Amino acid sequence: MQIKEITARETWQLRRDVMWPEQSINYVQLPEDESGQHFGLYLSGELVSVVSLFVEGERAQFRKFATLPQNQGKGYGTALLQHLILQAAAQGIKQLWCNARQEKAGFYKRFGLQETNHTFGKGGKDYVVMEGSIRLPEPAVGAAE
Ligand SMILES: CC(C)(COP(=O)(O)OP(=O)(O)OC[C@H]1O[C@@H](n2cnc3c(N)ncnc32)[C@H](O)[C@@H]1OP(=O)(O)O)[C@@H](O)C(=O)NCCC(=O)NCCS
């Protein structure tokens with residue numbers, strides 16, 4: 001397993017195939033993509049999970065998080081999101097937020113995000129805005145010994 005920064009262009013097909021298979025590629029291209037940071041998780045050279053980070057001062061939004069269906073439920077999304085959170089914390093970002101598909105709210109709670117009152121619908125799906133504070137993990141007690 002390898003996680004690395006990738007280009008926006010490299011995310012587009014996986015975004016489309018996983019999140020909006022009935023739409024064309026330009027549906028998943030974002031105007032903000034050029035200024036975003038994009039991360040990909042590879043298995044034996046194959047891109048299987050992507051997520052994108054958009055920094056807004058001390059806040060940042062992550063968007064377009066997707067794992068190939070045959071690779072879901074194996075911890076890859078968790079590993080990629082943990083990587084994104086560490087990258088964000090290392091850049092001094094204090095608050096992370098996302099527009100979560102309602103059925104994924106429980107997943108994001110495990111990363112310290114809480115549901116807000118802000119909900120909306122798009123493309124026939126229900127979303128809730130989730131947000132939370134992030135920080136680099138404290139070094140383990142006794143780690144230096
Ligand atoms: C959301 C998404 C990116 C998560 O990626 P993933 O690679 O499946 O993530 P994980 O495998 O780490 O976690 C998924 C679930 O499997 C569980 N899981 C994690 N590791 C596991 C393992 N080793 N074995 C079994 N289950 C595991 C997680 O606890 C999680 O459970 P939950 O959905 O009940 O919360 C993926 O489901 C996806 O692409 N969905 C479609 C697009 C989408 O909804 N994107 C997000 C929009 S908000």
Side-chain angles (χ1 to χ4, degrees), residues 1-140:
M1 181 182 94
Q2 187 196 16
I3 295 177
K4 62 178 183 181
E5 192 159 353
I6 59 176
T7 63
R9 176 174 293 274
E10 288 171 299
T11 70
W12 291 337
Q13 185 170 355
L14 203 144
R15 280 183 187 174
R16 196 282 306 273
D17 292 354
V18 177
M19 305 186 82
W20 299 101
E22 68 287 2
Q23 302 284 352
S24 62
I25 287 281
N26 52 9
Y27 189 80
V28 299
Q29 295 171 344
L30 302 171
E32 301 88 350
D33 266 344
E34 280 309 310
S35 58
Q37 296 168 41
H38 311 276
F39 301 97
L41 184 148
Y42 290 81
L43 287 183
S44 306
E46 183 192 12
L47 184 61
V48 302
S49 188
V50 295
V51 68
S52 299
L53 181 71
F54 301 91
V55 176
E56 311 153 340
E58 289 197 337
R59 273 167 67 82
Q61 180 186 14
F62 67 90
R63 303 177 70 177
K64 304 291 182 220
F65 181 32
T67 301
L68 288 178
Q70 62 270 32
N71 297 106
Q72 289 179 11
K74 296 176 178 169
Y76 299 127
T78 298
L80 189 57
L81 201 51
Q82 282 171 344
H83 180 86
L84 175 142
I85 290 170
L86 286 176
Q87 292 291 321
Q91 293 171 48
I93 290 159
K94 305 278 190 273
Q95 277 268 326
L96 194 62
W97 71 279
C98 71
N99 293 326
R101 289 188 182 182
Q102 193 75 60
E103 74 272 11
K104 284 288 157 200
F107 178 80
Y108 296 123
K109 279 184 189 162
R110 271 187 244 125
F111 295 87
L113 301 188
Q114 287 100 40
E115 290 176 81
T116 67
N117 295 329
H118 184 180
T119 59
F120 62 97
K122 183 193 152 202
K125 301 186 196 302
D126 293 322
Y127 292 83
V128 58
V129 178
M130 297 188 70
E131 63 184 15
S133 304
I134 57 167
R135 57 187 165 78
L136 281 172
E138 303 287 337

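The figures that follow rest on heavy atoms only: side chains count, while hydrogens, waters and symmetry mates do not. Ligands are counted one by one from 1 in listed order, and the atoms in each one are counted from 1 as well. Since the structure is predicted, the reported quantities are computational estimates derived from the model, not experimental observations.
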Q. Does Ser49 reach ligand 1 with a nitrogen or oxygen that is under 3.5 Å from one of the ligand's nitrogen or oxygen atoms?
A. no

Q) Just which atoms of ligand 1 are under 4.0 Å from any heavy atom in Arg110? A) 28 (C), 29 (O), 30 (C), 31 (O), 32 (P), 34 (O), 35 (O)

Q | Minimum-distance protein heavy atom relative to atom 44 (O) of ligand 1 | A | Arg101 CD, 3.5 Å

Q | Closest approach of any protein heavy atom to atom 24 (N) of ligand 1, naming residue and atom | A | Gly73 O, 3.1 Å

(Q) Under the rule for ring-ring contact (aromatic ring centres under 6.0 Å, His included), what residues qualify as partners of Tyr76, not counting sequence neighbours? (A) none

**Q.** Closest non-hydrogen atom pair, Trp20 against Lys122
**A.** CH2-O, 4.1 Å

Q. Quick one: which ligand 1 atoms are inside 4.0 Å of a heavy atom on Met19?
A. 45 (N), 47 (C)

Q | Selected option - heavy-atom contact closest to atom 42 (C) of ligand 1, from Trp20, Phe62, Phe65, Tyr76 | A | Phe65

Q.
With nothing but distance in play, are any N or O atoms of Lys74 less than 3.5 Å from an N or O of ligand 1?
A. yes

Q) Any N or O on Gly77 sitting closer than 3.5 Å to an N or O of ligand 1? A) yes

Q: Quick one: which residue pairs count as a side-chain hydrogen bond (donor to acceptor under 3.5 Å, both in side chains) with a foot in residues 42-55, not counting sequence neighbours?
A: Arg15-Ser52, His38-Ser52, Ser49-Thr67

Q) For the residue pair Tyr108 and Phe62, is the inter-centroid distance of their aromatic rings smaller than 6.0 Å? A) yes

Q) Any idea how Phe65 and Phe107 line up, ring-wise: parallel (<30°), tilted (30 to 60°), or perpendicular (>60°)? A) tilted

Q.
Please compare Gly75, Ala79, Gly106 and report which has the shortest non-hydrogen distance to atom 20 (N) of ligand 1.
A. Gly75

Q. With distance as the sole test, does Gln95 use its side chain to make a donor-acceptor pair with the main-chain N or O of Ile93 at under 3.5 Å?
A. no

Q.
Quick test: of every protein heavy atom, which one is nearest to atom 38 (C) of ligand 1, and how far off is it to 0.1 Å?
A. Gln72 NE2, 3.3 Å

Q: Give the numbers and elements of all ligand 1 atoms closer than 4.0 Å to a heavy atom of Lys104.
A: 1 (C), 33 (O), 37 (O)

**Q.** atom 12 (O) of ligand 1 [closest protein heavy-atom partner, distance rounded to 0.1 Å]
**A.** Thr78 OG1, 2.5 Å

Q) What atoms in ligand 1 come closer than 4.0 Å to a heavy atom of Ala66? A) 3 (C), 39 (O)

(Q) If you apply the rule side chain to side chain contact (heavy atoms under 4.5 Å, CB included), what do you find for Arg63 with Glu32, and how did you get there? (A) CA-CA 11 Å; Arg63 303 177 70 177; Glu32 301 88 350; 3.5 Å; yes

Q. Atom 39 (O) of ligand 1: which of Leu14, Thr67, Leu68 has the nearest heavy atom?
A. Thr67

Q: Identify the protein heavy atom lying closest to atom 14 (C) of ligand 1, giving its residue, its atom name and the separation to 0.1 Å.
A: Phe107 CE1, 3.9 Å

Q) Passes side chain to side chain contact (heavy atoms under 4.5 Å, CB included), Val50 versus Val18? Steps please. A) CA-CA 10 Å; Val50 295; Val18 177; over 6 Å; no

Q. Just distances here: any N/O of Glu103 and N/O of ligand 1 closer than 3.5 Å?
A. no

(Q) Please find the pair of heavy atoms, one from Ile134 and one from Leu96, that lie closest to each other, and give the distance. (A) CG2-CB, 4.1 Å

Q.
Quick check on Tyr108 - does any of its heavy atoms sit under 4.0 Å from an atom of ligand 1?
A. yes

Q. With a 3.5 Å cut-off and no angle check, do the side chains of Gln37 and Gln91 form a donor-acceptor pair?
A. yes

(Q) Applying the salt bridge (Lys or Arg N to Asp or Glu O under 4.0 Å) criterion to Glu131, which one of Lys109, Lys94, Arg59 satisfies it? (A) Arg59

